[in-house]
Each structure stands twice: as C-alpha cells, then as structure tokens.
Protein chains: 2
Amino acid sequence: MFKPVKQNRIFQDVVEQIQDVIISGQLAAGEKLPPERELKETFAISRGTLREALRVLEQKRLIDIQLGAGGGAIVREVTPEVIVDGLSLLIRSQKIPLEYLKEFRLDIEGNIARLAADRASAEDVAGLRDILKRAKDSLDFHEGWEAYVDADACLHMTLARITGNTIYEYIQTAIHKNINRYYVEFLEHEESVLCHHYKDLCDIVDAVASGDGEKACDKMRLHLKRLGQ
Amino acid sequence: MFKPVKQNRIFQDVVEQIQDVIISGQLAAGEKLPPERELKETFAISRGTLREALRVLEQKRLIDIQLGAGGGAIVREVTPEVIVDGLSLLIRSQKIPLEYLKEFRLDIEGNIARLAADRASAEDVAGLRDILKRAKDSLDFHEGWEAYVDADACLHMTLARITGNTIYEYIQTAIHKNINRYYVEFLEHEESVLCHHYKDLCDIVDAVASGDGEKACDKMRLHLKRLGQ
DNA sequence: CTATCTTCAATGGTCAAACCATTCAAAATA
DNA sequence: TATTTTGAATGGTTTGACCATTGAAGATAG
C-alpha cells in the first residue's frame, strides 16, 4: 500500500523539475537550457549537484550536451529510441531466462512480419531481396559467418522499419544489436544449417512480397522456433 | 559507415568499466562497490567525476546507493524492470503517434491474454474474478471513475503476471501506470459505456478461465479496438 | 574589400578540500 | 542487562579554482 520514502536528494528534485518541463512541452526539442553557471543560481544549488542532475537527464536521453562557446544542454526529441537502453541492458546482461526472451521475440517478430507484409511497397520488397542476395553471396563465396549474421540482422531490422511503427523498429534494433552473443552458441556454422536458415528467410520475404500477412507471421515464427533448438 | 566520435569524458569511461564488471557477472547482485573515497583513488579521478558516473549507473538501475556507515553502492539484480523507465517516458511524453502505441498494445496484450489462458491456475482465475468483482462494485455503488480504472489496470497487469514472463509483466506495468492521461479522453464516463467495457472484461476472463487462448486473444484485441474509437 | 589568422570570451569538464547528514556499531552509563 | 552516548564511516553538498573546446569578433595580410 505504501512505498518506501526515498531520501531527499537535491539533484533528484532538479531532475524531476527539468524533466517535467520537457515532457510537458514547455521546453521543446532543440531548445537550449541556460548554462550551468546560470542554472545553478536559478535552483540555488552548487554546480556539482546540478551536474549530477544533468548526467541523469542525459542518460534518460532527454538532453544532449554540447561543448564550447554557445554549447550547453539541448532538449532532445523524445522518440521510441528511449526504450533501447533498457532493453539492450536486459539482453546483454543475460540475466533473463532465455525462454522469456524467445517467447517475446516470437510474439514481436511474428507481428512485425505480418504488418510488413500488409504494408510493404515495391521498393521495400526490392530492398529485402537485395539483403537476401547479400546473405546468399556470403554463403556462396564463403565470406564467413559474420557477413551472413549481418545480413540476417539487417533483414529483421528492415522488416521492422517497413511496418512504419517506430516502436517495433527500436525494439528490433535493441534485440539484434545485442542478441548475437546469445545465439552464437546455437546457430551451427555448418553449411547445411546455414542454407536451411537462408531458405527460411527467403520464405519470409516471399510471403511479405505476396502481401500475405498470416503466412509471413507463420513463417517467421517457424523460423525463430527452429533457431532456438 | 562511421559513427560520430564522442567526446572523451572521464565519467563515461568509468561508467563503462563498472557496467562491464556488473553485466559480465564479476560483481554479482548484492555485492558492494568500494566507498567513493576509495574508488576515486582506484580510478585516479576526483570525487565529483566519480559521483557523476555513479548517478548514471544508478539511473540505469545497475546500482543502489545506501546512506550512512556501511552504506555505499550496491549492485542490483538486472531484471526486465530496466525497460520500465524508457517505456514510461515514451508514453508520458505523448510524443509517439497514438496509432503506433495502439498497434503495439494490440499485439502485446493479445499475446498476454493468449498465454494467460494457457497457463492460468485455479487460483489465478479466482484472483481475476475478484478483480472483476471490484470493478462491478465500483459501478454498482457508483464509486466513481477512478476506482473502476484502477480495477481495469489491475486486471491487465494480473494477466501479464499470470503469463509468468516478466518481460510482459514490466511492459504492462509501464503502460498501465502511464497511459491514463491518454485514454482519459476517450473512455466515456457514461454508465452504459462503462457497463459495456465491464462486459468485455468478463468475456476475457471467461476465455482465460476456459483455457481458450485464441478466444482470450480475440476478446482482448476486440476490447482494445473498441477502446480507441 | 576579401580571406585568413589571432585572440578572447563563453561554456562544459575536472579537480581539490572542506563541511554536513545519516547510519551503525562500539563504548559508556544507568 | 538494557539503555544512552559517542564517534567513525560514508554519501550529499558547497565553494572556488583551473583546464579544454568552441565559436565569434577583431586583427592582419593579400
């Protein structure tokens, strides 16, 4: 019912005040906060304390700091990118049961495939086929594991971008920029396994190209399920 | 191809060093970092700079700071809770197109309902019915809008908890603790609308109770779609 | 007059030393 | 033995100084 009372730290209060001003829109993206030496007077605190507050706001991606004359704290646009840090940390730490992550991916990526199929333009499909070609080349010319995984990640992220929903885009970014160390252990380097993997990708792109959302979703889920065993 | 080179800030380097030690497991959850006055010697930096690094790590939920003798920075367990801040910020700022958020919720909550139906125990179902009763009481006794919305949020979050997948649990937490200001404008206070809304919730719980995942998913998605118009 | 170079002021980054506030445990006291 | 007092450990804050980077104004050369 009650929550533990947090110790009153001055910088926390400053963080909340500035954050409120930003997310309420009183300070729009691109606008600049006063210089540190002025802000510290406004809040009647020391510069060190103010700077601790600025570090927190920076970490939250609410401000950017620029150096030099005319520099200072600039209010950033709030975009779904703010979810990347937390999700990346979660994946990288490997402290989350793998089955949870797989379940979540199955859900998310299945829907991404479905939405992408519904919304892909001709150019989008062409872009996907280009990526497939990159993947195939890396197999044919034995460019190695790295090149193939790159193409694979690119394909998944491109599908997310095609949905147009930036939430999916950033979730996918966070996952694929951090998940390598997870499935580097599962995905065999064997040629035959990679070929099978590549075939899956082709099926998915074909489904997207034909605009069949359900099929794309199914193919993607099938693909991910195979990956995890 | 290249990324802009970030300015070399000492505290950033310290953040990365400590973070790496934590997520690599060299420092386990519950263990304590050395006191500030000792750490500053180790890194050969000033205390102010070290404290800026600690603020960042604290914001990332990697450490907790305790006051007083024997206090200090304690390594936290990395849980899916790390995703809450970013998602909360995203929703609260209202800078994301509402349609994206709705699409994401439709996806997530549909799957939550499906998984909950597959996994709910008898006690889980009893708990859901209790929450439904709370909602109905708030309608029958005209306890007002607040009480009903509370029960509604509680139901959604309980479903997430029933899935057992903590990722869903924290996503649902972030959404329902911040979305009120969004749909407070959509959901009519009219008795008839609330009754319809309540009926939806009953359908969902019934589907979960019967273990019919597909039906639960459909009912939930139907419910959310109605909400948004 | 234009183009380049120099200088300087604004601003964030860092350091150092001090003092305050909180907490816990040991020592003193009833 | 139980309570109170004291003091040390540790985070929170302040002040003032100096460094590094940047951009613009002014000086200089062509």
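Just the heavy atoms: all of them, side chains too, but no hydrogens, waters or symmetry mates, feed the values below.
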Exercise: identify the closest heavy-atom pair between [X] and [Y]:
X: A/Asp124; Y: A/Ile162; answer: CB-CD1, 3.7 Å
X: B/Ala160; Y: B/Glu169; answer: CB-CA, 3.9 Å
X: A/Ala116; Y: A/Thr163; answer: N-CG2, 3.9 Å

Discussion item. Please determine whether a side-chain nitrogen or oxygen atom of B/Arg55 lies at a distance below 4.0 Å from atom OP1 or OP2 of D/dG12.
Written reply: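 Indeed, a polar side-chain atom of B/Arg55 lies that close.
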Discussion item. Taking only side-chain N and O atoms of B/Thr49, does any of them lie within less than 4.0 angstrom of OP1 or OP2 on C/dG13?
Written reply: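 Negative; the distance criterion is not met.
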Using whole Å, what does the distance between atom [atom2] of nucleotide [N] and atom [atom1] of [X] come to?
X: B/Asp13; N: C/dG13; atom1: CG; atom2: P; value: 15 Å
X: B/Leu50; N: C/dT14; atom1: CG; atom2: P; value: 12 Å
X: B/Leu54; N: D/dT10; atom1: CG; atom2: P; value: 14 Å
X: B/Lys40; N: C/dA17; atom1: NZ; atom2: P; value: 8 Å
X: B/Arg9; N: C/dG12; atom1: CZ; atom2: C1'; value: 9 Å
X: A/Glu41; N: D/dT15; atom1: CD; atom2: C1'; value: 12 Å
X: B/Arg51; N: C/dG13; atom1: CZ; atom2: P; value: 17 Å
X: A/Leu39; N: D/dT14; atom1: CG; atom2: P; value: 14 Å

Worksheet item: Considering heavy-atom distances to DNA chain C, does B/Ala44 or A/Pro34 have its closest nucleotide positioned more toward the 5' end?
Response: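 Taking each residue's closest nucleotide, the earlier one in sequence belongs to A/Pro34.
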Choosing from [options], which nucleotide comes nearest the side chain of [X]?
X: A/Glu36; options: D/dT10, C/dT14, C/dG13; answer: C/dG13
X: A/Arg37; options: C/dT14, D/dT10, C/dG13; answer: C/dG13
X: B/Arg47; options: D/dT13, C/dG12, D/dT10; answer: D/dT13
X: B/Ile10; options: C/dG13, C/dT14, D/dT14; answer: C/dT14
X: B/Leu67; options: D/dG11, D/dT13, D/dA17; answer: D/dG11

Worksheet item: Between A/Ile45 and A/Ala69, which has a closest nucleotide on DNA chain D that is more 5'?
Response: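 Looking at DNA chain D, the more 5' nearest nucleotide goes with A/Ile45.
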Fill in: Given DNA chain D, 5'-ward residue of the pair A/Glu52 and B/Gly68, judged by closest heavy atom
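That would be B/Gly68.
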Worksheet item: Sub-3.5 Å donor-acceptor pair from the side chain of B/Asp152 to the main-chain atoms of B/Tyr148, do we have one?
Response: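 Judged by distance alone, no pair lies under 3.5 Å.
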Discussion item. Apply salt bridge (Lys or Arg N to Asp or Glu O under 4.0 Å) to residues B/Glu103 and A/Arg119 and explain how you reach the verdict.
Written reply: CA-CA 14 Å; B/Glu103 188 167 270; A/Arg119 299 170 187 176; 2.4 Å; yes
Worksheet item: Which part of the nucleic acid does A/Gly70 contact within heavy-atom distance under 4.0 Å: base, sugar-phosphate only, or nothing?
Response: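 Sugar-phosphate: the residue A/Gly70, judged by heavy atoms under 4.0 Å, touches backbone atoms but no base.
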